[in-house]
S.K.: 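Below you will find the structure I want to go over with you.
This structure is a prediction, so every number in the text was calculated from the model and none was measured. Start at 1 and go down the list; that is how both ligands and their atoms are numbered.
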Amino acid sequence: MSGFTRDAHALVCDGVPVQAIAAETGTPVHVYSASVIDARYRQLDAALQAVPHRLHYAIKANATLAIVRRLRALGARADANSAGELEVALRAGFSPGDIVCTGVGKTREELARAIALGVAAINVESPGEVDRIEHLAAEARSIARVAVRINPDIDAGSHRHISTGHRATKFGMSVADATQMLRDMARRPWLKVTGLHLHIGSQITALEPFKRGAETLIALAESLADDGIRLEHIDLGGGLGIAYQANQPIVSVEEYAAVVMDAVRGTDLTVLLEPGRWITGPAGVLVTTVVDLKRRPDGGWFVVVDAGMTDLLRPALYDAWHTIEAVSPRPGEAIRADVVGPVCETSDTLGRDRALPPIEVGDLLAVRDTGAYGAAMASNYNRRPIAAEAIVDGGKWQIARRRQTIDDMLQWDA
Ligand SMILES: Cc1ncc(COP(=O)(O)O)c(C=O)c1O
C-alpha cells in the first residue's frame, strides 16, 4: 500500500503504522512517504514530456537531505534560495550545473559561491545585483550565467503573504526596467544571459495567473530575440497549489502542464519549473501527542498537543488549514475542539473548531499535508527543540533527521 492509508482504522504510511514510528521516535515527528514523493514527481514530469523541461525542486519547501536526495535520484534539478540551501543541494549530490539560485538579497558571499561553482543560473533581482555579480565574476575570471527575475504584476490569488508577482512586492523587476537592463547585460563580457525567471506566488489554485505569467515571459523573450539576444530558457517558478481540504478546487497538474507547454511550443526555449509544495506537501504528516484536554467556555474542547507553531508555522502565519485526524480513532461521539500547541501565543493553534473522535490524553493526532513548509519553517521559539523526521520507503522507515536535543539547541550560546 502506498501513501497514507488506513488499516483497521489506524493510519499507515507506505505500509508502516504511523503509531509504530512515533513509539520509537517520540513526538512531534514528521513522517514522510517516499512513494508519494516519487509518484508526484513522476506525474509532473510526465505531464510535461512534450516539451524540453527541467524540474528544479524548490529546496525551501522541504530542505531535509533525505528528501532532497530522493528528488535528485528521481531526476530533479534544484532551486536554492540561500547559501544553506546551495550546500544542501551539493550535499544531496546535485552538480552545480543542475542548480539555479534565486532570492531577494543574495549576499556577496552567496553570489561569489554561486559564481565559483558555476551554477546553471543566478536569477537576478535588481540592477545593483547585476553589478555585484559582474564585479565578482570578473574577479573570479569566470563567466556568470544569469537570468532575470521578472515581476509581471499579476495577482496570484493566494494568501497575500505568499503572493509574490504583483508590483508592490519586493520581488523581481518590471518588464520595462528588465528589458533595458537585459540589453545592457548582453554587452557585459563576464555575464552570460541565459533566461528569464518569475515566481508569482505559492498555493495558486487557478490557471489564469500561470497563463499570464508564461505569456509575459515569452513575449519578452521574443522581443529580446528581435534584438539579437537569444535565451536558453524561461523559468516559470513554482506555485502549483494542493488541496488541503477535501473538495477544495485546485488546478490539475495536467491542466497546469498544458498552460506551460502552450507557452513554449514553437520556441526553442527549455522550460524550467521550481515546484516545491505540489511535490512534497501531501507526502508528509506531523504526528503529535495529546498532552492535555481543557474545556472551552462554549462547551467545546481545547486539545493541547506537543506540536505547535514551532513545528508547523503555516496555520499561525497564513491562517492555513491542515486536516487533523486521530491516528487510531476511538469509537464514539465526535467532539468539537481547537487543536492547540504549547507555545505562548494565541496564534499557536493548529486547527480551530474541528470535529474529532473522542480524545484522551496520550492519543496521537496526525496533521496532514505538512511535507512542504512544515519542518522547513521550524524554529526554536520558546526554546523548543526541532522535531524528528522519519521517511518511509518500501515498507521500512528510517530517521531522516533526528530530534534536536536541548544540548544541540544550546550549543551556540556563549
Ligand atoms: C523563487 C521560488 N521558486 C519556487 C518556489 C516554490 O513554490 P511552491 O512550493 O509553491 O511550488 C518558491 C516558494 O515560495 C519561490 O520563492
S.K.: When you check the side-chain N and O atoms of Thr194 and Arg145, is any donor under 3.5 Å from an acceptor?
M.R.: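 The answer is no; no qualifying pair exists.
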S.K.: Is the cationic atom of Arg40 (NZ for Lys, CZ for Arg) positioned less than 6.0 Å from the six-membered ring centroid of Trp278 and within 45 degrees of its normal?
M.R.: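 That pair qualifies as a cation-pi contact.
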S.K.: Please identify which atoms of ligand 1 are closer than 4.0 Å to at least one heavy atom of Arg277.
M.R.: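 Heavy-atom distances to Arg277 below 4.0 Å select 8 (P), 9 (O), 11 (O).
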S.K.: What protein heavy atom lies closest to atom 15 (C) of ligand 1? Include the residue and the distance to one decimal.
M.R.: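 Here the closest protein heavy atom is Lys60 NZ, 3.1 Å.
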S.K.: Taking only heavy atoms of Pro275 into account, list the atoms of ligand 1 that are under 4.0 Å away from them.
M.R.: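 Answer, ordered by atom number: 11 (O).
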S.K.: What do we get for Trp278 next to ligand 1 when only non-hydrogen atoms under 4.0 Å count, side chain, backbone, both or neither?
M.R.: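 No part of Trp278 comes within reach of ligand 1.
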S.K.: Verify whether one side chain among Ser202 and Arg277 offers a donor that lies under 3.5 Å from an acceptor in the other.
M.R.: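 Judged by distance alone, the side chains do pair up.
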S.K.: Establish, yes or no, whether a centroid distance under 6.0 Å links the rings of Phe171 and His199.
M.R.: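 No: the rings miss the under 6.0 Å criterion.
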S.K.: For ligand 1, which is the ligand I care about here, please tell me if Glu274 has any N or O atom under 3.5 Å from one of the ligand's N or O atoms.
M.R.: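 Yes - when backbone and side-chain N and O of Glu274 are compared with those of ligand 1, one distance drops under 3.5 Å.
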S.K.: Taking distance alone, with N or O pairs closer than 3.5 Å, would you say Thr102 contacts ligand 1?
M.R.: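 No; the residue has no nitrogen or oxygen that sits under 3.5 Å from a nitrogen or oxygen of the ligand.
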S.K.: Just to confirm my output: which protein heavy-atom neighbour is closest to atom 7 (O) of ligand 1, and how far is it?
M.R.: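 Ranked first by proximity to atom 7 (O) of ligand 1 is His199 CE1, 3.3 Å.
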S.K.: Might you work through the salt bridge (Lys or Arg N to Asp or Glu O under 4.0 Å) test for Glu85 and Lys60, ending with a clear yes or no?
M.R.: CA-CA 7 Å; Glu85 287 189 2; Lys60 64 174 70 67; 5.1 Å; no
S.K.: Please confirm whether Arg314 makes a cation-pi placement over Tyr244, using NZ or CZ under 6.0 Å from the six-membered ring centre and within 45° of the ring normal.
M.R.: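 Output yes; distance and angle both within limits.
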S.K.: Heavy atom under 4.0 Å from ligand 1: found in Ile204's side chain, backbone, both, or neither?
M.R.: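 Under 4.0 Å from ligand 1, Ile204 contributes no heavy atoms.
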S.K.: Is the shortest N/O to N/O distance between Ser202 and ligand 1 below 3.5 Å?
M.R.: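 By distance alone, the answer is yes.
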S.K.: For Tyr373, state whether at least one heavy atom is located under 4.0 Å from any atom of ligand 1.
M.R.: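 Heavy atoms of Tyr373 do come under 4.0 Å of ligand 1.
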S.K.: If you measure every N/O of Gly276 against every N/O of ligand 1, is any gap under 3.5 Å?
M.R.: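 Yes, at least one N or O pair falls under 3.5 Å.
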S.K.: Enumerate the atoms of ligand 1 whose separation from the nearest heavy atom of Ala58 is less than 4.0 angstrom.
M.R.: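 Ligand 1 atoms under the 4.0 Å threshold to Ala58: 4 (C), 5 (C), 6 (C).
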S.K.: How long is the gap from NZ on Lys106 to CG on Leu111, to the nearest 0.5 Å?
M.R.: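 It is 6.0 Å, given to the nearest 0.5 Å.
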S.K.: Do we get Arg354 above Trp321's six-membered ring, with its NZ or CZ under 6.0 Å from the centre and within 45° of the axis?
M.R.: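 That pair qualifies as a cation-pi contact.
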